[in-house]
**Q** 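Before I ask anything, let me first share the structure, which is written out below as structure tokens.
Keep in mind that the numbers below use all heavy atoms, side chains included, and drop hydrogens, waters and symmetry copies. Counting from 1, the numbers follow the sequence of the chain as shown.
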Amino acid sequence: MTPGKPKYYLTTPIYYTNGLPHIGHTYSTIVCDTIRRYKRMRGYDVVMTTGTDEHGVNVERSAKKAGIPESEFVAKMAAEWKALWDELGVQGDEFIRTTDLKHAHTVQWLFKQCRENGFVYPGHYTGQYCIYDNAYVDVKPGENCPDCGRPTETVTEPNYFFKLSAFQKPLLDWYAKHPDFIQPEARRNEVLSFVEGGLRDLSITRTTIRWGIPVPGEEPHVFYVWFDALTAYLSAVGGPQYEKAGYWPADLHLVGKEIIRFHAVYWPAFLMAAGLPIPKQVWAHGWLLMDSSKMSKSLGNVVRPRPIVHVLGMDALRYYLLRETVFGQDGNFSYDALVTRYNSDLANGIGNLASRVLTMINSYRDGVVPAFHEKFRKAVPGDPWFSPEAESGREATRDKILSGYDNFHFSIVAEEIWRIIAHWGDQVLTTYQPWAEEQKPGQEWFVDSVLWLVAETLRHVVVLAHPLIPDATQKIWEQLGQPGKLSDLRIDQLQWGGLKAGTKVGKPQAVFPRVLKAEAIERMEAMEKEAQNAPSPTTASAPASAPVAPSGTAAAAAPAAGEKIGIEDFAKVEMRVGQIKTAERIVGADKLLKLTVDIGTEIRQICAGIAQYYEPEKLIGRKVAVVVNLAPRKLRGVESNGMIVAASVGPEGRPVLAGFPDEDVEIGARLK
């Protein structure tokens with residue numbers, strides 16, 4: 001801990017590694033990252049933990065299906081999660097994996113404490129188990145899980161039980177003494193109802209699986225996933241040495257509403273049993289819905305964050321999720337709403353204001369911030385900037401924004417900041433029109449004052465909005481000629497009038513260039529579809545003799561052993577000789593070329609993933625083999641109506657086009 005600073009410890013869920021992140025996971029992580037950034041700008045010594053839950057029967061089965069050891073499976077999945085958070089600018093301080101040795105020691109230590117205090121005992125259990133939620137459920141054999149609706153399995157095994165029933169009254173007393181422990185109120189009421197209905201003892205070990213943390217001296221017992229995963233919050237900040245680290249108990253556990261029971265009932269009960277401090281608050285946010293359903297891999301309605309980030313940028317995704325969803329409630333996701341919000345608030349809002357202000361300072365004042373002139377105050381009736389009423393109004397707005405951050409009302413924070421942009425930025429420029437006054441002799445003082453006012457407004461905006469959109473605000477801050485990092489400033493000490501005259505500003509660079517909605521949506525949807533069809537990072541690598549073909553080309557490779565096809569299957573593929581008429585690169589797609597190909601009966605547009613190996617101009621006139629009866633698809637927003645056939649050579653899978661260099665073959669001739 002940093003001496004003299006108050007600590008703040010917060011956590012995301014510890015994400016299960018049976019799938020890759022979608023924007024539901026991203027929402028949880030972005031909210032935590034926003035809180036982390038804000039708290040640091042309030043002077044706190046902040047630690048944020050995120051990580052991956054890597055044990056359990058689902059992982060064991062997924063690794064077996066992928067044909068790789070469990071350790072390799074979870075290592076690859078954890079790397080994918082971590083890489084995405086890095087790409088999104090999420091600055092987690094601790095990334096805990098439940099396969100970390102320090103975590104295993106913490107789990108075993110916590111079990112020992114609970115057992116020595118008389119809250120753990122051996123027994124046998126027979127019941128229905130949902131492998132998808134990693135929980136025993138109260139249903140009959142053959143019935144589906146009441147939470148996720150998927151099949152359950154009957155499990156009978158010796159295990160260790162935790163005396164959860166002994167903590168009904170202690171938990172209810174805790175909730176009464178700490179009314180803000182569970183938020184929002186709807187989730188608190190849900191948990192209260194569950195606990196008041198009576199608690200049954202909980203199985204915390206398994207003997208029917210092997211992939212887990214072993215119970216010392218009690219093999220083949222391994223720890224049940226919730227006793228394992230929940231403990232990650234503690235193992236990330238010292239485990240048994242938590243007092244020395246100084247960050248426990250957690251100030252905030254942020255979770256999805258579907259796992260509130262585990263965090264607000266099981267976890268505090270485990271800690272009570274071990275005699276350890278209880279977290280201060282558990283906040284359960286709602287779901288992101290797609291077509292009125294929760295995003296789920298099993299439902300096939302997930303949206304991945306990377307296509308959005310690649311097309312619109314990470315701040316666009318952050319802003320949309322925080323602005324569009326009332327924290328604690330369910331939110332709806334749509335590409336249409338995302339792009340609309342991007343253009344209206346980011347491109348036409350803060351981005352446009354920054355561009356206008358910086359352009360005018362560069363054009364009218366040689367890139368130097370001018371001074372505000374006192375006579376401007378007398379020239380403008382009512383002194384809307386420096387009167388006591390104006391000062392009070394600005395302070396009230398700032399306090400409302402800080403209160404919004406404090407209470408996780410991110411949509412209100414965004415509303416108030418963008419009100420500043422509209423009223424103190426755009427409206428000032430529209431009202432006083434410095435571009436017109438610049439043409440009038442003797443009005444330099446007037447133009448100076450207006451430019452200083454809108455530049456100072458922009459300075460305020462980027463400080464206040466930094467926790468929401470950290471990348472763009474830092475860039476604008478630097479373009480304004482301001483020193484250091486925004487993250488090092490105290491947001492609560494922001495004062496009006498701090499912009500120094502004479503500051504040299506940079507050239508305006510668009511942080512949110514406006515996009516065409518239809519084109520942007522098309523690109524994101526195409527990339528999402530491509531991602532859905534891509535192999536999992538845990539899929540065993542293909543041998544060098546049968547590499548995967550680049551997009552838009554078909555690799556000529558023999559089928560794997562045992563994968564024979566009949567002649568009737570081969571006959572379904574229609575291939576013809578085509579001649580390339582035009583070839584050009586696709587903007588933003590390093591691997592793709594857009595070709596027009598004459599196949600005898602028509603000219604087809606086809607995308608081919610050969611741009612890294614073939615120059616477009618050298619392809620014109622070349623005869624190639626074309627699969628002509630494929631359904632059209634879009635790649636990076638460009639329709640591809642067919643596929644060029646290529647061999648895949650070498651370990652890197654270099655495409656070599658199949659063709660007819662020494663034969664006079666008629667265009668359109670069928671290959672058979």
**Q** Check whether any side-chain N or O of S235 sits under 3.5 Å from a backbone N or O of A232 as a donor-acceptor pair, and report yes or no.
**A**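 Yes: the side chain of S235 pairs with the backbone of A232.
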**Q** Parallel, tilted or perpendicular: which fits the ring planes of F410 and F408, with parallel below 30° and perpendicular above 60°?
**A** parallel
**Q** Any donor and acceptor pair, going by atom type alone, linking the side chain of E157 with main-chain N or O of T207 inside 3.5 Å?
**A** yes
**Q** Could you go step by step and tell me if Y8 and R42 meet the side-chain hydrogen bond (donor to acceptor under 3.5 Å, both in side chains) rule?
**A** CA-CA 11 Å; Y8 193 86; R42 288 299 300 263; over 6 Å; no
**Q** Just how far is it from atom CE of M48 to atom CD1 of I35, taken to the nearest 0.5 Å?
**A**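 CD1 of I35 is found 9.0 Å from CE of M48.
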**Q** Which is it for Y320 and D345 under the side-chain hydrogen bond (donor to acceptor under 3.5 Å, both in side chains) test, yes or no, and what are the steps along the way?
**A** CA-CA 10 Å; Y320 173 76; D345 290 15; over 6 Å; no
**Q** Does the pair D86/K82 count as a salt bridge with the N-to-O cut at 4.0 Å?
**A**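 Looking at K82 together with D86, the answer is no, because their closest N to O distance does not fall below 4.0 Å.
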**Q** Per the side chain to side chain donor-acceptor pair (under 3.5 Å) rule, which among R61, K64, R210 passes with E70?
**A**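 Of the listed residues R61, K64, R210, the side chain to side chain donor-acceptor pair (under 3.5 Å) partner of E70 is R210.
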**Q** When you measure from the centre of the six-membered ring of Y129, is the NZ or CZ of R206 under 6.0 Å away and within 45° of the axis?
**A**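 Relative to the ring axis of Y129, which defines the angle, R206 lies inside both limits.
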**Q** Please tell me if the side chains of T50 and C32 come closer than 4.5 Å, counting only heavy atoms from C-beta onward.
**A** no
**Q** Is the number of heavy atoms from other residues, nucleotides or ligands within 6.0 Å of OH (Y44) greater than 12?
**A** no
**Q** With a 3.5 Å cut-off and no angle check, do the side chains of E415 and H409 form a donor-acceptor pair?
**A**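 H409 and E415 do not have a side-chain donor-acceptor pair below 3.5 Å.
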**Q** Between E525 and K529, is the closest basic N to carboxylate O distance under 4.0 Å?
**A** no
**Q** Without hydrogens or angle criteria, can the side chains of W267 and H253 be said to hold a donor-acceptor pair below 3.5 Å?
**A** yes
**Q** Using atom types as modelled and distance alone, determine if a side-chain donor or acceptor of E72 lies under 3.5 Å from a backbone N or O of P69.
**A**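 A pair under 3.5 Å: no.
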**Q** Is the backbone N or O of I14 less than 3.5 Å from a side-chain atom of D53, with the two atoms forming a donor-acceptor pair by type?
**A**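 Looks like no, no N/O pair under 3.5 Å.
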**Q** Are S411 and E324 linked by a side-chain donor-acceptor pair shorter than 3.5 Å?
**A**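 No, E324 and S411 have no side-chain donor paired with an acceptor closer than 3.5 Å.
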**Q** For L84 and T26, what are the C-alpha separation, side-chain angles and deciding distance, and is it a side chain to side chain contact (heavy atoms under 4.5 Å, CB included)?
**A** CA-CA 9 Å; L84 177 63; T26 305; 4.3 Å; yes
**Q** Quickly, which of T12, V282, V31 forms a side chain to side chain contact (heavy atoms under 4.5 Å, CB included) with L254? Name it, please.
**A**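 Only one of T12, V282, V31 forms a side chain to side chain contact (heavy atoms under 4.5 Å, CB included) with L254, namely V31.
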**Q** Nearest heavy-atom pair of R398 and L494: which atoms, and what distance?
**A**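 That would be NH1-O, 2.9 Å.
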**Q** Determine whether V46 and L10 make a side-chain contact, defined as any pair of heavy atoms from C-beta on separated by less than 4.5 Å.
**A**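 In contact.
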**Q** Given 3.5 Å as the limit, does a donor-acceptor pair link the side chain of Y16 with the main chain of H55, or not?
**A** yes
**Q** Which heavy atom in R188 sits nearest to a heavy atom in P179, and how many Å separate them?
**A**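 Of all heavy-atom pairs spanning R188 and P179, the closest is NH1-O, 3.5 Å.
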**Q** Going by the angle between their ring planes, with limits at 30° and 60°, are Y242 and W109 parallel, tilted or perpendicular?
**A** tilted
**Q** Donor-acceptor pair, distance only, cut-off 3.5 Å: does the side chain of Y38 make one with the backbone of L402?
**A**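 A pair under 3.5 Å: yes.
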**Q** Do Q474 side-chain atoms and L486 backbone N/O form a donor-acceptor pair below 3.5 Å?
**A** yes
**Q** Evaluate the criterion side chain to side chain contact (heavy atoms under 4.5 Å, CB included) for residue pair V139 and T152; output intermediate values, then yes/no.
**A** CA-CA 9 Å; V139 297; T152 61; 4.1 Å; yes
**Q** Inspect the contact between D180 and K280 and indicate whether a charged nitrogen and a carboxylate oxygen are less than 4.0 angstrom apart.
**A**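 Here K280 does not pair with D180 in a salt bridge, since their nearest N and O are not under 4.0 Å apart.
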**Q** Is the Y233 to H263 ring centre distance short of 6.0 Å?
**A** yes
**Q** Parallel, tilted or perpendicular: which describes the rings of W226 and F262, with under 30° parallel and over 60° perpendicular?
**A**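 W226 vs F262 ring planes: parallel.
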**Q** Using the benzene-type ring in the case of Trp, are the ring centres of H178 and W174 under 6.0 Å apart?
**A**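 Judged by ring-centre distance (under 6.0 Å), H178 and W174 do meet the cut-off.
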**Q** Less than 4.5 Å apart, side chain to side chain, heavy atoms only: is that true for K7 and D251?
**A**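 Side-chain contact under 4.5 Å: yes.
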**Q** For G239, is there any backbone N or O sitting under 3.5 Å from a side-chain donor or acceptor partner on K102?
**A**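 Pair absent, no side-chain N/O of K102 close to backbone of G239.
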**Q** Going from CG on L110 to CG on L230, what distance comes out if it is rounded to the nearest 0.5 angstrom?
**A** 10.0 Å
**Q** Could you walk me through whether I308 and V303 pass the side chain to side chain contact (heavy atoms under 4.5 Å, CB included) check?
**A** CA-CA 9 Å; I308 298 170; V303 174; 4.1 Å; yes
**Q** Determine, step by step, whether R318 and T34 satisfy the side-chain hydrogen bond (donor to acceptor under 3.5 Å, both in side chains) criterion, reporting the C-alpha distance in whole Å, the side-chain angles of both residues, the deciding distance to 0.1 Å, and the verdict.
**A** CA-CA 9 Å; R318 291 177 67 104; T34 301; 3.2 Å; yes
**Q** For F227 and F223, take the angle between the two ring planes, folded into 0 to 90°, and tell me which bin it lands in: parallel under 30, tilted 30 to 60, perpendicular over 60.
**A** parallel
**Q** Over 60° means perpendicular and under 30° means parallel, so classify the ring planes of F167 and F162, tilted if in between.
**A**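 If you compare the ring of F162 with that of F167, the planes turn out parallel.
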**Q** Once you measure the plane-to-plane angle for F327 and H285, does it fall in the parallel (<30°), tilted (30-60°) or perpendicular (>60°) bin?
**A**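 Ring orientation of F327 relative to H285: tilted.
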**Q** So, S203 versus N159: side-chain donor-acceptor pair below 3.5 Å or not?
**A**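 Present: a donor and an acceptor within the cut-off.
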**Q** Hey, are the side chains of L276 and L234 touching, using non-hydrogen atoms and a 4.5 Å cut-off?
**A**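 The answer is yes, as the side chains (C-beta and beyond) meet within the 4.5 Å cut-off.
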**Q** Compute the centroid of each ring, for F119 and then for Y121, and state whether the two points are separated by less than 6.0 Å.
**A** no
**Q** Would you call D173 and K177 a salt bridge, taking side-chain N to carboxylate O under 4.0 Å as the test?
**A** no
